[in-house]
Amino acid sequence: MELFSFLLIIPIFYLLFKIWNWINDVRDQQCYILDYQCYKPSDDRMVGTEFSGELIKRNKNLGLNEYKFLLKAIVSSGIGEQTYAPRIMFSGREESPKLEDGILEMEEFFHDSIEKVLSRAGISPQEIDLLVVNVSMLSAVPSLCSRIINHFKMRPDIKSFNLTGMGCSASLISLDIVRNVFKSYKNKFALLVTSESLSPNWYAGNDRSMILSNCLFRSGGCAVLLTNNKSLKHRAMFKLKCLVRTHHGAKDESYGCCIQREDDKGKMGFHLSKSLPKAATRSFVDNLRVITPKILPVRELVRFMAVSLLKKWNVVRHGSSHKGASQGPIKAGVNFKSGVDHFCIHTGGKAVIDGIGISLDLTEYDLEPARMTLHRFGNTSASSLWYVLAYMEAKKRLKKGDKVLMISFGAGFKCNSCLWEVVRDLGDGNVWKDEIYMYPPKTLVNPYMEKFGWIQDEDPSTFNSGD
């Protein structure tokens, strides 16, 4: 009998041992943000109204109609007068960039932000196990990863990933790489570096679909320090709860709506087509379908299903009374605030922020961080999410246990999103600390129209034809 009991206990202990190992492994697969540092270029790189006008006038291929188009785009963009441009713009060489211009632009950001985030966290460069860099429109040899490793003298066994061509949603793609590597290795440090190189990508032609990008994009970047070491979770700022990636590259219309190409005169630029809003909506809807069940409480999902079934039943019974009505922006129909406290939205432009706000039924309070980031820093491509997050932190909105939903869009066409949990009360100003008291300003109206409104009444004969 004792032997039987002993034989019975062995598999029970083995099962408990396997369960414990599984729980331990799951705990080690966690992904925490220890710290992050957004980049603020020096004031001599600031783009004011007057300089912006001079920069545009240097393009001799523009005619009066193009000037009017740009004036309207700038005035309605939501971008203010304190954004930053690469140094090449201030030296008047934007139409003749060199490889070193793009590299120096990146190195200026790398050296500042990486050094600050590592110093503040008390982590040496030699402790970094994983380095992921995303800069979509600059591919150099050696890679940007290698340049960082060389400058900071990182270990020879460091795992590095250098991403290009991923567009404005690349931050969350880089994060997904970090998360997946963390599943296979315990107690590691990762450095995520996200930015965009504007120096070699100024468009000097007159194609409206391509000159628009000159108005929207600005210099910026962010270095993020992450770990899966559970013994450091008390020092962490955020814990990753889930991440969802949606890619519509198989759809020709989505693939071609946001693409780098040459115009009919051979000038390189970034084409933004009229189908972009439609592509963004489709990818956003598909992304929400996947992430919604992961982030919302069961009661909200049950309520939504019940309301949806009731609406369908009413349509079947009585027929739709709005068949001829024009459709407005698509609304999710779900109360996202039941599972999300803060919304970190990509600053792709005023229309992007407004569209997401309508779709998710958000208030101006919810949209304020994205609007202020667009106004102060512009669209800094993949790094923009971190400026929005830093605004929330500087405003002391982020409290322990809060949930933050990040949403980003990018060429391809892609929509990526993730949910963070705030691990402890946060209130460091990061890149906003010296000026957060000024935001939100009383008005977001910029002086472009006041300064250059005379273009509306100008004689076409005084301008190039643009042909």
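What you see is a predicted model; the values in this text were computed from it and never measured.
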Task: Any side-chain heavy-atom pair of Ile291 and Cys242 under 4.5 Å - done: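 Yes. Closest side-chain heavy atoms under 4.5 Å.
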Task: Any residue meeting salt bridge (Lys or Arg N to Asp or Glu O under 4.0 Å) with Lys337, in chain and number order, not counting sequence neighbours - done: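 Lys337: salt bridge (Lys or Arg N to Asp or Glu O under 4.0 Å) contacts with Asp366.
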Task: Set of salt bridge (Lys or Arg N to Asp or Glu O under 4.0 Å) partners for Arg371, sequence neighbours left out - done: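 Partners of Arg371 by the salt bridge (Lys or Arg N to Asp or Glu O under 4.0 Å) criterion, ordered by chain and then number, come out as Asp354, Glu364.
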Open item on the list: Using the rule given for side chain to side chain donor-acceptor pair (under 3.5 Å), can you reason through Trp386 versus Ser171, listing the C-alpha separation, both sets of side-chain angles and the distance that settles it, and then say yes or no?
Closed with: CA-CA 9 Å; Trp386 305 102; Ser171 268; 3.1 Å; yes
Task: Lys/Arg-Asp/Glu bridge criterion (N-O < 4.0 Å) met for Arg235, Asp35 - done: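 Salt bridge: no.
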Open item on the list: Test of understanding: with ring-ring contact (aromatic ring centres under 6.0 Å, His included), list the residues that count as partners of Tyr387, not counting sequence neighbours.
Closed with: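 Here the qualifying residues are Phe377.
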Open item on the list: For Trp432 and Tyr391, take the angle between the two ring planes, folded into 0 to 90°, and tell me which bin it lands in: parallel under 30, tilted 30 to 60, perpendicular over 60.
Closed with: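 Rings of Trp432 and Tyr391: perpendicular, over 60°.
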Task: Pairs meeting criterion salt bridge (charged side-chain N to carboxylate O under 4.0 Å, His left out) with involvement of residues 377-406, two or more places apart - done: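 Output for this query lists Glu368-Arg397.
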Task: Residue pairs fulfilling salt bridge (charged side-chain N to carboxylate O under 4.0 Å, His left out) with at least one residue in residues 278-300, sequence neighbours excluded - done: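 Residue pairs passing salt bridge (charged side-chain N to carboxylate O under 4.0 Å, His left out), neighbours aside: Glu253-Lys278, Glu253-Arg282, Asp286-Arg289, Glu300-Arg303.
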Open item on the list: A quick test of your reading: do over 12 heavy atoms of other residues, nucleotides or ligands sit less than 6.0 Å from CD of Glu115?
Closed with: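 No, the 6.0 Å shell around CD holds no more than 12 heavy atoms from other groups.
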Open item on the list: Taking ring pair (Phe, Tyr, Trp, His ring centres under 6.0 Å) as the cut-off, I'd like each qualifying pair that reaches into residues 396-417, sequence neighbours left out, listed once.
Closed with: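 Output for this query lists Phe284-Phe409.
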Open item on the list: Would Asn416 and Ser408 count as a side chain to side chain donor-acceptor pair (under 3.5 Å) here? Give the steps.
Closed with: CA-CA 5 Å; Asn416 300 325; Ser408 66; 4.6 Å; no
- [ ] Give me the one residue out of Leu225, Leu192, Asn430 that meets side-chain contact (heavy atoms from CB on, under 4.5 Å) with Tyr36.
- [x]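 When side-chain contact (heavy atoms from CB on, under 4.5 Å) is applied between Tyr36 and each of Leu225, Leu192, Asn430, only Asn430 qualifies.
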